[in-house]
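Below is one structure, written out as structure tokens, with a few remarks after it.
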Amino acid sequence: MSIKNHLNQRLSAAMIAAGIPKDCQPILALSARPKFGDYQANGAMAAAKRLGVNPRALAQQIVDQVDLDGIAERIEIAGPGFINLHLSRTFIGEQLGRSLDPETCERTASNVVIDYSSPNLAKEMHVGHIRSTIIGDCLARVLEYRGDHVIRQNHMGDWGTQFGMLIAELELHLGAGERGDLALNDLEKFYQQAKRHFDEDPDFADRARAYVVRLQSGDEHCLALWQQFIATSVAHNLEIYRRLNVGLSAEHVQPESTYNNQLEAIVSKLTECGLAVDDQGAKVIFLDDLADKKGQPSAMIIRKSDGGFLYATTDLAALEYRAQTLAADRILYFIDARQALHMKQVFSAGRKAGLVAADVDLEHHAFGTMMGRDGKPFKTRDGGTVKLAGLIDEAEERAARLIREKNPNLDDRQIADIARKLGIGAVKYADLSKTRTTDYIFDWEAMLSFEGNTAPYLQYAYTRICSIFRRADVDRTAHSAPVIIGTDAEKSLALQLLQFDEIIEQVATECYPHVLCTYLYDLASAYMSFYECCPILKSNVSPEDRASRLQLSALSATTLARGLDLLGIEVMQQM
RNA sequence: GCACCCGUAGCUCAGCUGGAUAGAGUAGGUGGCUUCGAACCACUUGGUCGGGAGUUCGAAUCUCUCCGGGUGCGCCA
């Protein structure tokens, strides 16, 4: 149990004993300044306001009642009624010993479906896909770590009008005697060729449109071309995932087309229950709960007047599949904020139609639009997009150059391995460390930076610890010793280590990975400060201090590695 | 027109259900490697938290309003 929970229990009990209503919280937080102790409880002031009594007097009553023997060595009331808690150093040391036991982590066991990455297969993956892919993957790891059963769903876009154009292009290449896999080697170029043919050649455009219809009606020739195209594109995406160390593989691919044969049934079901109605030839769902101020309901078309289905239909079918077949307790969508209204509509309609039970959590975790350095929507100089494959190449090259410069003793194989972990880590951390919901600036320099609050800083802290254990000739994973909290640096580090579980809990419920990034950065900083002022292997250090400091180092390494792993970032023994 | 999101240091960003003197990174300045890895550490310069009003012991945080930016809104996905 975390220290915060510990204190929460004791203070809650004291508040009840002092006659304060049960729903008043202690409101515990880390103290703003060292002179205010380690933790502070701000609940007395809020409770006093409600009860109409003097806040300082109420704080005193709580302090009179609270039992923190062996936990806090000093309790003070300050200002209008802050309760400042100075923790016992012995207690901190004991708690650290307990945190070695993995069984202390509270487990959950929900069925959680996570929809993330979900790129369109018509084009190559570009930087616009990175947030969903990386953030979704982080949450999958975090939820799995705390015990949930995670079902990854890569809802790839493999269906729609643009595929008529693409298979017409592919047919053109094959007709010229070209090999399909070679023609599709550069998906981006291929798409642009198809687009140009479509725009400039009326015959091609007609053929493309006809192919869409033939594809939808199950024409074998078109399906074969389509499957060849899809297979190549999926393979490209899986390669990107592998290079990014993202836990998505072929088994998680559940593309739009898999719902094709359920769309008819979905529309029937929604019509029969009276939710979907005919309007101007189309099937439309009007949602009163999403109406504007004037009472105009929000409209969602699930079937066009020409009989065609839309992505709303597919999303409803996917929602039913996830809730019913996959038996989800919680369904998370990591999708661009621009689709916020669409997601609300799907959730609302899905619940009203009974596709998903009321006790299933539906959560759209949005993120902002990617902007250029000028604050406008991002484009490269020639108006294109930055491909993920290129970004990964660049990250690895930059990392390799830096390693060669900093550490000339490494051989080429070591450099390649470290460069991969370092470069990819920098790219992922740059994204994960920013609050998910806001628009974000795409900045090569910041993303590939190796200084300051970056993944390499955290990886560096880890390698420093590894280096100490190599020098001491001690097995880090086997080392075990009591922790003695002497200096302030040791205390800060210890308190930081003890917050890991509550941070994981917070990330699991709120789905904000940047909270974990901030925590790990603070942990690494605390370790760096500790490292500067607390010698470990020097001759003037007592055996007890040496063992204790090695213990703190081992715990720091374990926590850093675990936290980085949950972010999808790897560590290395040296760099 | 309607709806949602966002304005915090030169730049990129934190700031937990309202809490004490608004914090990091980066950029600028100073100092620290014959001693556990300087991709580091210790100091330092820099902000009327977009403007205004309200709620109260207390507001970057909650409410309203205005300004500025972004996004979305029945037959694309």
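Small disclaimer: the values here were computed from a predicted structure and weren't measured. Proteins come first, then strands; the chains are lettered A, B, ... in the order of their sequence lines, and each starts at number 1. Side chains are part of it too, since the values below use all heavy atoms of this structure and drop only hydrogens, waters and symmetry mates.
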Give a yes/no on whether any side-chain N or O of [X] is located under 4.0 angstrom from OP1 or OP2 of [N].
X	N	answer
Arg404(A)	A39(B)	no
His514(A)	G15(B)	yes
Tyr457(A)	C41(B)	yes
Lys538(A)	U35(B)	no
Arg470(A)	C36(B)	no

Before you tell me yes or no, could you show the steps for Tyr460(A) and Tyr457(A) under ring pair (Phe, Tyr, Trp, His ring centres under 6.0 Å), namely the whole-Å CA-CA distance, both residues' side-chain angles and the distance that decides it to 0.1 Å? CA-CA 5 Å; Tyr460(A) 179 61; Tyr457(A) 177 83; 7.5 Å; no
[N] and [M]: how far apart are their [atom1] atoms, nearest whole angstrom?
N	M	atom1	answer
A22(B)	G28(B)	P	26 Å
C6(B)	U26(B)	P	28 Å
U44(B)	U17(B)	C1'	36 Å
G15(B)	U61(B)	C1'	9 Å
G46(B)	A39(B)	P	30 Å
C40(B)	G23(B)	P	23 Å
U8(B)	G51(B)	P	10 Å
U71(B)	G19(B)	P	33 Å

Between Gly281(A) and Ile418(A), just flag the one whose closest nucleotide in RNA chain B comes earlier from the 5' side. Ile418(A)
Between Ala299(A) and Asn120(A), which is nearer to the 5' end of RNA chain B once each is assigned its nearest nucleotide? Ala299(A)
Short side-chain to backbone donor-acceptor contact, [X] and [Y], under 3.5 Å:
X	Y	result
Ser2(A)	Gln499(A)	no
Ser233(A)	Leu121(A)	yes
His479(A)	Arg476(A)	no
Gln345(A)	Ala299(A)	yes

Using a heavy-atom cut-off of under 4.0 Å over every strand shown, decide if [X] touches base, sugar-phosphate, or nothing.
X	value
Cys534(A)	base
Phe309(A)	sugar-phosphate
Gln574(A)	base
Leu30(A)	nothing
Gln25(A)	nothing
Ile536(A)	base
Lys35(A)	base
Ala282(A)	base
Ala78(A)	base

Among [options], the one nearest [X] by side-chain distance:
X	options	answer
Asn453(A)	G25(B), A39(B), C40(B)	G25(B)
Tyr311(A)	G37(B), C75(B), A77(B)	A77(B)
Tyr531(A)	A3(B), C36(B), A39(B)	C36(B)
Phe82(A)	A24(B), C40(B), G19(B)	G19(B)
Asp292(A)	C36(B), A38(B), A3(B)	A3(B)
Tyr521(A)	A24(B), U21(B), G72(B)	A24(B)
Lys293(A)	C13(B), A24(B), A3(B)	A3(B)
Ser529(A)	A42(B), G23(B), A39(B)	A42(B)
Glu451(A)	G37(B), A39(B), G19(B)	A39(B)
Leu310(A)	C75(B), C2(B), A39(B)	C75(B)

Tell me yes or no: between the side chains of [X] and [Y], is some donor less than 3.5 Å from an acceptor?
X	Y	value
His86(A)	Glu76(A)	yes
Tyr527(A)	Ser553(A)	yes
His129(A)	Asn237(A)	no

Given the structure, check if the side chain of [X] and the base of [N] hold any donor-acceptor pair shorter than 3.5 Å.
X	N	result
Tyr460(A)	A39(B)	no
Gln459(A)	A39(B)	no
Asn84(A)	A20(B)	yes
Ser467(A)	C36(B)	no

So, Arg401(A) and Glu405(A), do they make that salt bridge, N to O below 4.0 Å? no
For nucleotides 56-58 of chain B, give me every protein contact, N/O to N/O, under 3.5 Å, one pair per line with atom names.
{"residue": "G58(B)", "atom": "O6", "partner": "Lys49(A)", "partner atom": "NZ", "Å": "2.6"}

Other residues, nucleotides, ligands: >12 heavy atoms within 6.0 Å of Lys123(A) NZ: no
